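First comes the structure, then the notes that go with it.
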Protein chains: 2
Amino acid sequence: MAGRRQVANDPDRKDRIVAAALEVIVDHGVHKTTHRLIAERADVPLGSLTYYFDGLAAILEAAFRRLSSTMSVHYRQVLSAATTRAEACEAVAELICGTGYATPREMTALFEMYAYGNHDDAVRALGRDWLLVSRESLAVHFSEATCRALDALIEGWPMHRNFEGAPLDRELVLATVRAVVDRLEGEE
Amino acid sequence: MAGRRQVANDPDRKDRIVAAALEVIVDHGVHKTTHRLIAERADVPLGSLTYYFDGLAAILEAAFRRLSSTMSVHYRQVLSAATTRAEACEAVAELICGTGYATPREMTALFEMYAYGNHDDAVRALGRDWLLVSRESLAVHFSEATCRALDALIEGWPMHRNFEGAPLDRELVLATVRAVVDRLEGEE
DNA sequence: CAAAAGTGTGTACGTCTGTACATCACCGAC
DNA sequence: GTCGGTGATGTACAGACGTACACACTTTTG
């Protein structure tokens with residue numbers, strides 16, 4: 001009978017590969033992401049990639065999984081810290097305007113994920129999950145209808161910031177959020 | 001002196017290539033878009049692509065230019081048909097929920113464009129232009145601040161529809177649009 | 001100790017890629 | 001007719017790609 005399994009020499013090597021893959025995706029785009037670029041970035045031999053992963057698609061899926069996981073955490077943190085409706089509105093504005101969620105690099109990665117998800121079932125599922133997570137975080141404070149509307153704002157507005165390059169007008173964002181919340185939830 | 005220039009055998013061949021490129025992008029994603037796939041789809045010889053375009057990047061740029069042009073037209077049509085504020089709100093809801101703007105295939109193409117734009121300056125500029133066009137179309141009916149908020153909704157909401165697969169709740173969309181407009185423009 | 005088993009790596013291979021370019025088909029000028 | 005000259009194409013090629021796999025190394029087993 002086989003005894004205790006041996007321990008990997010470098011247990012977090014797999015994680016390093018995934019992290020490196022995400023960086024390559026952000027810097028070059030999925031369309032120019034290759035085994036060799038990732039291996040170089042992660043400082044591991046080329047063979048490691050095929051040893052730990054079943055092809056490039058598996059690496060990309062792991063990278064995007066990491067991305068959505070990272071963002072979900074911050075997303076939930078910001079929203080769960082709010083206790084009143086007013087605070088929740090400010091939290092939403094913070095998500096839209098702030099630099100914590102959706103840094104420029106994360107936005108780039110998110111675009112790549114959305115685009116790639118349309119051609120890869122596993123990543124598409126990841127996108128759906130991410131949608132549900134964000135909606136659940138909002139659902140603590142708002143009705144389902146309001147969640148859908150706010151979610152659209154949270155996704156759409158940072159996209160514009162990404163193209164314009166200029167920071168968003170926080171007052172305007174907050175006013176819009178409050179307008180939606182007041183209307184759909186009923187004033188106060 | 002050289003006489004009249006000869007006429008191309010197939011003057012709209014270049015257009016066919018661009019159209020085919022966009023289809024390949026939608027079906028396979030930019031990351032799997034190749035000269036050969038495009039040529040096959042357009043039913044032109046491989047050599048035509050290098051004859052008409054300076055590399056794959058140029059083809060992709062032309063394809064995305066075609067996309068944003070197509071969408072701009074419909075976008076403007078829907079918005080310019082409105083004469084009152086109420087009609088303009090319904091036009092915005094139509095853009096978000098309707099099947100004319102942002103068919104599933106167009107949404108996929110748009111994702112590819114946004115993702116690719118982060119790695120190609122020409123396409124990035126295209127994204128900025130598209131942003132300005134949509135904002136100008138809205139500016140006919142609304143203030144600049146309102147345009148920004150509505151634009152975020154118009155971009156963000158169809159993204160969700162894309163992932164959920166289910167059609168949007170038109171009543172909810174319309175109510176949200178009105179909420180934003182009423183608050184930012186002042187009630188009536 | 002030797003042997004076996006498992007972990008990790010460097011290299012080599014077949015395929016596919018973008019692109020250059022010699023070549024062809026066609027048309028107007030003479 | 002012959003002869004450029006231009007639009008267009010099929011092919012060939014160098015390089016990059018994903019991936020398989022023989023091999024080396026380390027640890028456990030006997």
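These numbers were taken from a predicted model, which means no experiment stands behind them. First the proteins, then the strands, lettered A, B, ... as listed; each starts at 1.
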Measuring from the side chain of [X] (C-beta onward, heavy atoms only), which nucleotide among [options] has the closest atom?
X: A:Pro45; options: C:dA20, C:dT9, D:dT19; answer: C:dT9
X: B:Arg13; options: D:dA8, C:dG8, D:dT19; answer: D:dA8
X: A:Ser48; options: D:dT9, C:dT19, C:dT9; answer: C:dT9

request  = Test for a donor-acceptor pair under 3.5 Å between the base of C:dG18 and the side chain of B:Arg36, counting only N and O atoms.
outcome  = yes
query = Just to confirm, is there a sub-4.0 Å distance from OP1 or OP2 of C:dT19 to any side-chain nitrogen or oxygen of B:His35?
reply = yes
ask   = For C:dT7, does either OP1 or OP2 sit under 4.0 Å from a side-chain N or O belonging to A:Tyr52?
value = no
inquiry  = What I'd like to find out is whether the side chain of A:Arg161 reaches to under 4.5 Å of the side chain of A:Pro158, using heavy atoms alone.
reply    = yes
Integer-rounded Å distance: [N] [atom2] and [X] [atom1]:
X: A:Arg16; N: C:dG8; atom1: CZ; atom2: C1'; result: 13 Å
X: A:His31; N: C:dG18; atom1: NE2; atom2: P; result: 11 Å
X: A:His28; N: D:dA16; atom1: NE2; atom2: C1'; result: 15 Å
X: B:Lys32; N: D:dG18; atom1: NZ; atom2: P; result: 11 Å
X: B:Lys14; N: D:dA8; atom1: NZ; atom2: C1'; result: 14 Å
X: B:Leu49; N: C:dC16; atom1: CG; atom2: P; result: 18 Å
X: A:Phe53; N: C:dG8; atom1: CZ; atom2: C1'; result: 14 Å

inquiry  = Need one value for A:Leu46: base, sugar-phosphate or nothing, where a base atom within 4.0 Å counts as base even if backbone is also close, heavy atoms only.
reply    = base
note = Value for CG (B:Leu110) from CG (B:Leu67), rounded to nearest 0.5 Å, stands at 6.0 Å
query = Regarding A:Lys14 and the six-membered ring of A:Phe53, is the cationic atom NZ or CZ under 6.0 Å from the ring centre and inside 45° of its axis?
reply = yes
note = When A:Gly47 and A:Tyr51 are each assigned the nearest nucleotide of DNA chain C, the 5'-most assignment goes to A:Tyr51
message = side chain to side chain donor-acceptor pair (under 3.5 Å) for A:His119 and B:Glu112? Distances and angles first, verdict last.
response = CA-CA 11 Å; A:His119 310 283; B:Glu112 294 289 334; 2.8 Å; yes
ask   = Going through the checks in order, is the side chain to side chain contact (heavy atoms under 4.5 Å, CB included) test met by B:Val123 and B:Met113?
value = CA-CA 7 Å; B:Val123 174; B:Met113 176 170 146; 3.9 Å; yes
